Amino acid sequence: MSVLGSARRLVGQLLFERRYGVRTAELVKLERFGLAGNERVYYVPANWTTLRKTLKRGEVGPDDVFIDFGAGMGRMVLEATRLPFKRVIGVELSAELHQISRENLIKTTVRRRCGDVELVCSDVLDYDIPDDVSVVFFNNPFRGSVFESVIKRLLESVDAAPRLVRVIYYNPAEAPFLESTGRFRLVGTYRQSWRSRGEGPFGITHVYEITP
Ligand SMILES: C[S@@+](CC[C@H](N)C(=O)[O-])C[C@H]1O[C@@H](n2cnc3c(N)ncnc32)[C@H](O)[C@@H]1O
């Protein structure tokens, strides 16, 4: 990306921060909290417009439940509350990032269409996936066996309570594993316009459907 392109993107993201009165635009390494692990990815937020681009009008209804695995400072949780979800959940490992997401939720000026928000501070490995979750968001939060465990439990949840689940996977580093299960149907691919081409999974978002 050109210098001008980077500057434009940064200004665009900061305008969202100002408009919503929140703090989410940072890169934070987990070493800072003593939580670094091979399969855990640091905090960096997804683009503010990701949900608007990947969820089409009318796709979210009053029975839908959104979850962000690795919610960080809560940017995508806040974005999801602008849509008519029944419930919005964010699960985050770091207590510090979780606390910032709580503060963002209190002080934001975002006009919410969903008032039922659960911010959970937990390792995803210790978190039970609710059987009504229907929109799952990953911004490349963890890799390898951690990701595989979450996917396995997500599929078990769909088998226990059959329903359509959409998975929005931003920077889909583990897409080959996901697709190897044979249970995820790719229904859309979106390129983040500010990223240059040819960077592997980085700079794209995949949308999948899991059908019972
Ligand atoms: C790339 S950031 C994504 C933040 C947020 N989803 C967004 O897009 O704005 C990945 C997040 O996953 C969290 N994370 C990493 N491993 C985790 C784990 N095992 N359980 C819960 N959260 C985890 C990190 O702390 C970090 O905040």
Side-chain angles (χ1 to χ4, degrees), residues 9-10 12-14 16-17 20 22-55 66-83 85 88-105 108 110 117-130 133 135-154 166-175 177 190 192 194-195 199-207:
R9 175 170 183 270
L10 185 66
Q13 295 298 299
L14 290 175
F16 272 104
E17 305 278 305
Y20 292 165
V22 297
R23 162 192 173 198
T24 62
E26 288 168 44
L27 189 157
V28 183
K29 298 235 169 104
L30 295 178
E31 283 84 346
R32 194 201 279 187
F33 314 122
L35 292 172
N38 271 350
E39 298 185 327
R40 295 172 176 169
V41 180
Y42 53 88
Y43 171 74
V44 64
N47 197 300
W48 275 107
T49 55
T50 305
L51 298 187
R52 267 170 255 190
K53 285 188 178 145
T54 51
L55 286 172
F66 175 92
I67 190 164
D68 181 359
F69 285 114
M73 297 186 185
R75 183 183 281 198
M76 288 300 110
V77 165
L78 290 170
E79 264 304 271
T81 65
R82 299 173 73 246
L83 298 167
F85 281 106
V88 169
I89 307 168
V91 183
E92 170 55 43
L93 177 70
S94 147
E96 287 82 354
L97 297 175
H98 164 76
Q99 181 55 26
I100 294 170
S101 71
R102 286 168 53 108
E103 287 161 15
N104 280 334
L105 195 70
T108 185
V110 164
V117 184
E118 268 173 43
L119 293 172
V120 182
C121 185
S122 169
D123 189 322
V124 282
L125 294 173
D126 302 323
Y127 178 77
D128 288 333
I129 302 174
V133 160
V135 178
V136 175
F137 183 76
F138 294 109
N139 168 8
N140 185 30
F142 28 76
R143 306 288 306 266
S145 65
V146 179
F147 187 79
E148 289 175 21
S149 159
V150 174
I151 293 304
K152 183 171 164 275
R153 287 181 289 125
L154 182 60
R166 286 194 188 85
V167 176
I168 301 168
Y169 194 2
Y170 185 98
N171 291 340
E174 297 286 357
F177 166 74
Y190 301 82
Q192 294 144 32
W194 48 273
R195 288 266 201 170
E199 291 175 83
F202 298 96
I204 59 172
T205 304
H206 282 333
V207 181

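As the structure is a prediction and not an experimental result, all values here were calculated from the model. Ligands are counted one by one from 1 in listed order, and the atoms in each one are counted from 1 as well. Atom set for the values below is all heavy atoms of this structure, side chains included, hydrogens, waters and symmetry mates excluded.
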> Should the pair Asp68-Arg75 be classified as a salt bridge under the 4.0 Å nitrogen-to-oxygen rule?
Replying inline: no
> Any chance the side chains of Tyr20 and Arg82 put a donor and an acceptor closer than 3.5 Å?
Replying inline: yes
> Between atom CG of Leu14 and atom CH2 of Trp48, what is the distance when rounded to the nearest 0.5 Å?
Replying inline: 11.0 Å
>> Could you check whether Glu103 and Gln99, counting side-chain N and O atoms only, form a donor-acceptor pair closer than 3.5 Å?
In response: yes
>> Distance alone, cut at 3.5 Å: any donor-acceptor contact between the side chains of Glu17 and Thr24?
In response: yes
> Per the side chain to side chain donor-acceptor pair (under 3.5 Å) rule, which among Glu39, Glu148, Glu174 passes with Arg143?
Replying inline: Glu174
>> I'd like the contact residues of ligand 1, where contact means a heavy atom below 4.0 Å.
In response: Leu30, Arg40, Val41, Tyr42, Tyr43, Val44, Pro45, Ala46, Asp68, Gly70, Ala71, Gly72, Arg75, Met76, Glu92, Leu93, Leu97, Ser122, Asp123, Val124, Phe137, Asn139, Pro141, Phe142
